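Input: a single structure, listed below in structure tokens.
Being a predicted model, the structure only gives us computed values, none of them experimental. Protein chains get the first letters and strands the later ones, always in sequence-line order, with residue 1 at the start of each.
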Number of protein chains: 2
Amino acid sequence: MTDLSTRDLLLKTASDLFRRKGYDGVGLSEILKASGVPKGSLYHHFPGGKAELGAAATRWIGGVLQRRLDRAFESSASFTDGMVALCALLGDWVALGACPVMSVVQAGDQDPQLREAARAVLDDWRGCLRAHAERLGEPDPEDLAEQLLMQLEGAWVIASAEGEPRAFRKLSDFLQKAQKLAI
Amino acid sequence: MTDLSTRDLLLKTASDLFRRKGYDGVGLSEILKASGVPKGSLYHHFPGGKAELGAAATRWIGGVLQRRLDRAFESSASFTDGMVALCALLGDWVALGACPVMSVVQAGDQDPQLREAARAVLDDWRGCLRAHAERLGEPDPEDLAEQLLMQLEGAWVIASAEGEPRAFRKLSDFLQKAQKLAI
DNA sequence: TCCGCACTAGACCGATTGGTCCAGATGGGC
DNA sequence: GCCCATCTGGACCAATCGGTCTAGTGCGGA
């Protein structure tokens, strides 16, 4: 662990490419070329090869995004405000790629590591949403977190297919409208 | 067009495999072996190769699923009832593979046909939901369709990651709870 | 100074990829 | 009976796949 940079560079490059093209859509050679890291280094840091790299990259980018999620909610006065901020953020990032979970789930058939990494990221995000819902005084934070995770993932799929953040803007509108009705 | 069976067999086999493993996770050889169709026939029916087959298979399975969607709503007294029936159906089908849209969106980088097919399927489904919402007397069918499409896609992603239909059951519960509140 | 370990660098491997090509089978219209 | 178009069957191709292996590099501690 003396050299964080090579390992982290691989994680960042790999997760970028996986999110853009999907796990099976990216070859190791492409990751190596983009990162400038030779093959020997990859197999030194990830002896399990592509599958281990894929699982690690998924968890890594999952953690990065979760920290952004936390920040969005911490600077918001209500849960709805936090969700609106999050939608704006994810909308701006549509061009950077799809949801990291979506990028690896279908490759879970080949290697259980990948499916497990995807599950773990979803669980973390759900727990994170639940905690903020509870903190901001929402009733039934468990169900609210589940429902919003669903809507976020769905918006991400649609936005990726359309290549533009329209779906996230729509979701943002829905949430604000629902809040107005509740007041 | 004398022989529909070979072409249709290819479409069915390909969409099955693509939904299970993703577009880039399936090789042509696997499709050919599973269907028993030789390579020459594939390139006769789909001169554009894998991309054309992928786009056609996506639209084909999209149409099949839309017909099931229609049936679920036609035998329901309210929009919520239709959605609940649809959730049950999709929940039972989780093992059959992910959403066909999700299977090809990320491969849209390689070939625009695939992205366009994914968009077209989403548009069809959205239009279909909107029509049923309107027919069943829902106010603002446009937005309702959009929101439910989002939730369905999100539930599908989560259910695929978890390998079980829990997410669809949750979505079903949410919709029924929301209906009770509105009454 | 020199040893030892963590790491880099990339040549090399067999398997598989998507794609091309053509020889043959088939069948309906003349 | 013949012919042409449609379709099938599969050999063959270069390129790329993920993975292995080993020689070399550089640095920290004894």
**Message:** Regarding Gly40(A), tell me which of base, sugar-phosphate or nothing describes its non-hydrogen contacts under 4.0 Å with the strands shown.
**Reply:** base
Can you tell me which nucleotide in [options] comes closest to the side chain of [X]?
X: Ser29(A); options: dT8(D), dC17(D), dG18(D); result: dC17(D)
X: His45(B); options: dG19(D), dT8(C), dT8(D); result: dT8(D)
X: His44(B); options: dG19(C), dT20(D), dT8(D); result: dT8(D)
X: Lys50(A); options: dG19(C), dT8(D), dG19(D); result: dG19(D)
X: Ser41(A); options: dT17(C), dT8(D), dT8(C); result: dT8(C)

Taking NZ, NE, NH1 and NH2 as the nitrogens, is one of them in [X] or [Y] under 4.0 Å from a carboxylate oxygen of the other?
X: Arg135(B); Y: Glu74(B); answer: no
X: Lys177(B); Y: Asp143(A); answer: yes
X: Arg126(B); Y: Asp123(B); answer: yes
X: Asp8(B); Y: Lys12(B); answer: no
X: Glu146(A); Y: Arg166(B); answer: yes

Starting from [atom2] on [N], measure out to [atom1] on [X] and report it in whole angstrom.
X: Glu30(A); N: dA15(D); atom1: CD; atom2: P; result: 18 Å
X: Phe46(B); N: dG18(C); atom1: CZ; atom2: C1'; result: 16 Å
X: Leu42(B); N: dT17(C); atom1: CG; atom2: C1'; result: 14 Å
X: Leu28(A); N: dG18(D); atom1: CG; atom2: C1'; result: 6 Å
X: Glu52(A); N: dG18(D); atom1: CD; atom2: P; result: 15 Å
X: Leu32(A); N: dG10(C); atom1: CG; atom2: P; result: 11 Å
X: Leu53(B); N: dG19(C); atom1: CG; atom2: P; result: 10 Å
X: Asp111(B); N: dG18(C); atom1: CG; atom2: P; result: 13 Å

**Message:** So, under a plain 3.5 Å distance rule, would you say the side chain of Lys39(B) forms a donor-acceptor pair with the base of dG19(C)?
**Reply:** yes
**Fill in**
Between Asp24(A) and Gly36(B), the residue closer to the 5' end of DNA chain D by nearest nucleotide is Gly36(B)
